[in-house]
There are 2 protein chains.
Amino acid sequence: MSDNSIPKIVISRLPVYLRALSRMINKGQLVTSSHELGKALGISSAQIRKDLSHFGEFGKQGTGYQVEFLITQLSQILNLDREWEVAVIGSGDIGHAITRYQGFADRGFRVSVIFDSDPQKVGSYINGLEVMHASQIVKVLRERNIQIAMLAIPAEYAQKVTDTVVDAGVRAILSYAPISLNVPDHVRVSYIDPVTHLQSMTYYLSTEQDLMSQPL
Amino acid sequence: MSDNSIPKIVISRLPVYLRALSRMINKGQLVTSSHELGKALGISSAQIRKDLSHFGEFGKQGTGYQVEFLITQLSQILNLDREWEVAVIGSGDIGHAITRYQGFADRGFRVSVIFDSDPQKVGSYINGLEVMHASQIVKVLRERNIQIAMLAIPAEYAQKVTDTVVDAGVRAILSYAPISLNVPDHVRVSYIDPVTHLQSMTYYLSTEQDLMSQPL
DNA sequence: GGATGTGAATCCGTTCACAGCT
DNA sequence: AGCTGTGAACGGATTCACATCC
């Protein structure tokens, strides 16, 4: 049943479903079930059915889900039935890796412009893309109506650059800088900070184990 | 009050608190409050107090929290009062960026070994670290008793490599491969997939806005 | 006065379990 | 028989609001 306001956490799982479904299609699998999908993802089948039920009735009782149909539906829901242009800010190691990462293009995103403030880097090419000077951000993003930016810059510049890209019309930011950003309500932010992931995992790594497993 | 089993979601917020507190210390700030911290992070003050209360009473009524003291406490809780060695598997763009990323060393993690299966890359140096052949994974990780691995490899190899590092004694995995991994119960996994972040943000980017903001 | 720590209340998300369809 | 879709039950997390202490 199509609901009014869908929980953020549900939305965040849809791309994960999509990822798994894509793998199935690539393997030639045509049909799946909430059970199978759940097992592959470590999620309960009830949750998957409930999540999908927010948007419609995509399955057939007794049968399951047509993989391709479900992919189409999820893609539409997530506005992925188009290509999104993305700007990368920062051409250091991370910006470099992002710009060359094939995974974006494969899944609906095109890095179409990259900026840096270092004159040494401006004018160089990454993945066939010329690095532009940061002073051009507002002009270029507005011209091309780019709404997504990825920040691959040090924490100390992150808020200022955020303000700039927001001013340029960006409405979604994926930041690799390890700092919480302030943005207006109409802008979404996601963070990628590998260290926070590691730091929460070490909570569960009791030091004792260290002593047990000796070098052989 | 120190509780028995602390919710995962609480643990996952502690590194974020730590990040913010570190910035405060760097700015010379000695004292903060749940209010201030919450505002900086976009979290309610009650939540911060409740989270911390799982582990002890770290604040002073009427005053707030000593920043440095709180950092010390959180670091201990998360087992960060030591250095953790990390193995990177895969020396492509992502592995390269990870290995050179200063943020790990600054926050308690040392990338101390890197592997690749491509003979072309084995023997080359990244950040002063020689790339070793993947066939050495089990031997080296066991010898050095390394318990954390970061996977920077294509999805199709991810499960096999996961099995290998688990066999080698790894108990925490941070994977950059866009696929859900199967691991035994005693192993923790976190995922970094920028595309899933982008894909959930585009849900909120209605296409209409496109038409409004014309190129000028 | 001001900020913590915490039971109580509320809100939200997950799981249960089953009716209903194929 | 098998699997979906879903109200109901459950469990957990967040917020409230206040007693408590500096």
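Atom set for the values below is all heavy atoms of this structure, side chains included, hydrogens, waters and symmetry mates excluded. Proteins come first, then strands; the chains are lettered A, B, ... in the order of their sequence lines, and each starts at number 1. Everything numeric here is computed off the predicted structure, so don't read it as measured data.
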Report yes if at least one side-chain N or O of [X] is closer than 4.0 Å to OP1 or OP2 of [N]; otherwise report no.
X       : N      : value
B:Arg13 : D:dT14 : yes
B:Thr63 : D:dC22 : no
A:Tyr65 : D:dG2  : no

Once you round it to whole Å, what is the distance between [atom2] of [N] and [atom1] of [X]?
X       : N      : atom1 : atom2 : result
A:Ile9  : C:dC11 : CD1   : P     : 19 Å
A:His54 : C:dC12 : NE2   : C1'   : 11 Å
B:Gln66 : D:dC22 : CD    : C1'   : 12 Å
B:Leu37 : C:dG5  : CG    : P     : 13 Å
B:Gln47 : C:dG7  : CD    : P     : 18 Å
B:Arg49 : C:dG7  : CZ    : P     : 14 Å
A:Lys50 : C:dT15 : NZ    : P     : 11 Å
A:Glu36 : D:dG2  : CD    : P     : 16 Å

Could you check whether any side-chain heavy atom of [X] comes within less than 4.5 Å of a side-chain heavy atom of [Y], counting everything from C-beta outward?
X        : Y        : result
B:Glu36  : B:Tyr65  : no
B:Asp116 : B:Ile114 : no
B:Met150 : A:Leu198 : yes

Counting heavy atoms from C-beta on, name the nucleotide in C:dT4, D:dT15, D:dT6 closest to the side chain of B:Ser44.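 Out of C:dT4, D:dT15, D:dT6, the nucleotide with an atom closest to B:Ser44's side chain is D:dT15.
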Of all the nucleotides listed (C:dG13, C:dT4, C:dT6), which has the minimum atom distance to the side chain of A:Pro7?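 Of C:dG13, C:dT4, C:dT6, C:dG13 is nearest to the side chain of A:Pro7.
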What nucleic acid atoms does A:Ser34 come within less than 4.0 Å of, heavy atoms only: base, sugar-phosphate, or nothing?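 Counting heavy atoms under 4.0 Å across all strands, the contact made by A:Ser34 is with sugar-phosphate only.
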Regarding C:dT22, can its base be found pairing with the side chain of A:Gln61 as donor and acceptor, where the two atoms are less than 3.5 Å apart?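 Donor-acceptor pair under 3.5 Å: no.
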Picking from B:Lys139, B:Lys160, B:Arg142, what satisfies salt bridge (charged side-chain N to carboxylate O under 4.0 Å, His left out) with B:Asp167?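 Only one of B:Lys139, B:Lys160, B:Arg142 forms a salt bridge (charged side-chain N to carboxylate O under 4.0 Å, His left out) with B:Asp167, namely B:Arg142.
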Mapping A:Lys60 and A:Lys8 onto DNA chain C by nearest heavy atom, which one lands closer to the 5' end?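 Here A:Lys8 is the residue nearer the 5' end.
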Report the residue from A:Ile89, A:Val88, A:Ile98 that forms a side-chain contact (heavy atoms from CB on, under 4.5 Å) with A:Tyr176.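 It is A:Ile98; the other options fail the test.
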